[in-house]
Amino acid sequence: MKIYWRNKDIPELAGLSRMERFKMMQACYWKFGFRYWQCWVALLVFVALIVLEEAVGLALPYILITVGIGSQIYQSIVVDRLRPHFRDYIAEEKRRV
């Protein structure tokens, strides 16, 4: 699994405008994002880490670091699962035009 720091770094989205990338990410995420167990596990781990830090009473900077790292890991897992759907979405949009 490759980590993409920005949406425009994803090969399937690289040639699209910012608004087109946003539209495709939103459409594919809500349609396919919760079909995969990996996405659910990543989301649950992300939330569990935040709850654990809050329960332990760690300082705000540590919580922000965990949120940043956790959200990047979650985003990477979701993008990895959605890349085939991006290709299908682009092919479907080309057929409509």
Side-chain angles (χ1 to χ4, degrees):
M1 177 177 69
K2 184 172 179 177
I3 295 177
Y4 299 102
W5 295 103
R6 301 172 300 180
N7 286 343
K8 65 180 176 181
D9 294 338
I10 302 168
E12 290 81 8
L13 306 180
L16 302 174
S17 71
R18 183 178 182 193
M19 187 52 97
E20 289 171 327
R21 283 193 305 267
F22 174 78
K23 185 177 164 185
M24 185 187 320
M25 284 289 291
Q26 190 176 27
C28 290
Y29 180 78
W30 290 113
K31 190 171 183 181
F32 303 108
F34 295 105
R35 289 187 181 183
Y36 300 101
W37 65 269
Q38 296 94 335
C39 297
W40 284 104
V41 169
L43 185 61
L44 290 174
V45 169
F46 177 56
V47 170
L49 284 173
I50 293 172
V51 170
L52 179 66
E53 283 189 350
E54 190 65 33
V56 172
L58 291 176
L60 183 62
Y62 294 114
I63 294 173
L64 294 177
I65 291 169
T66 300
V67 167
I69 292 170
S71 64
Q72 184 62 43
I73 291 170
Y74 175 72
Q75 178 75 8
S76 297
I77 291 170
V78 169
V79 166
D80 188 54
R81 296 288 108 206
L82 292 182
R83 282 187 67 197
H85 299 293
F86 293 157
R87 291 182 210 116
D88 295 341
Y89 185 88
I90 290 171
E92 184 179 313
E93 286 297 313
K94 284 183 181 178
R95 276 185 268 150
R96 287 185 188 172
V97 174

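Predicted model only: the values in this text are computed from it and were never measured.
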Query raised in the report: Between E20 and S17, which heavy-atom pair has the shortest distance, and what is it?
Result: OE1-N, 2.9 Å
Taking distance alone, no hydrogens or angles, what donor-acceptor pairs closer than 3.5 Å link side-chain atoms of residues 3-14 to residues at least two apart or in another chain?
{"residue": "Y4", "atom": "OH", "partner": "R83", "partner atom": "NH1", "Å": "2.9"}
{"residue": "R6", "atom": "NE", "partner": "D9", "partner atom": "OD2", "Å": "3.4"}
{"residue": "R6", "atom": "NH2", "partner": "D9", "partner atom": "OD1", "Å": "3.0"}
{"residue": "D9", "atom": "OD2", "partner": "R6", "partner atom": "N", "Å": "3.4"}
{"residue": "E12", "atom": "OE1", "partner": "R83", "partner atom": "NE", "Å": "2.8"}
{"residue": "E12", "atom": "OE1", "partner": "R83", "partner atom": "NH2", "Å": "3.4"}
{"residue": "E12", "atom": "OE2", "partner": "R83", "partner atom": "NE", "Å": "3.3"}
{"residue": "E12", "atom": "OE2", "partner": "R83", "partner atom": "NH2", "Å": "3.0"}
{"residue": "E12", "atom": "OE2", "partner": "R87", "partner atom": "NE", "Å": "2.9"}
{"residue": "E12", "atom": "OE2", "partner": "R87", "partner atom": "NH2", "Å": "3.0"}

Query raised in the report: With a 4.0 Å cut-off, would you call E93 and R96 a salt bridge?
Result: yes
Throw together a table of side-chain donor-acceptor distances under 3.5 angstrom for residues 22-45, partners on residues two or more places apart or in other chains.
{"residue": "Y29", "atom": "OH", "partner": "Y74", "partner atom": "OH", "Å": "2.6"}
{"residue": "Y36", "atom": "OH", "partner": "H85", "partner atom": "NE2", "Å": "2.7"}
{"residue": "W40", "atom": "NE1", "partner": "F34", "partner atom": "O", "Å": "2.8"}

Query raised in the report: Quick one: CG on L16 to CD1 on I90, what's the gap to the nearest 0.5 Å?
Result: 5.0 Å
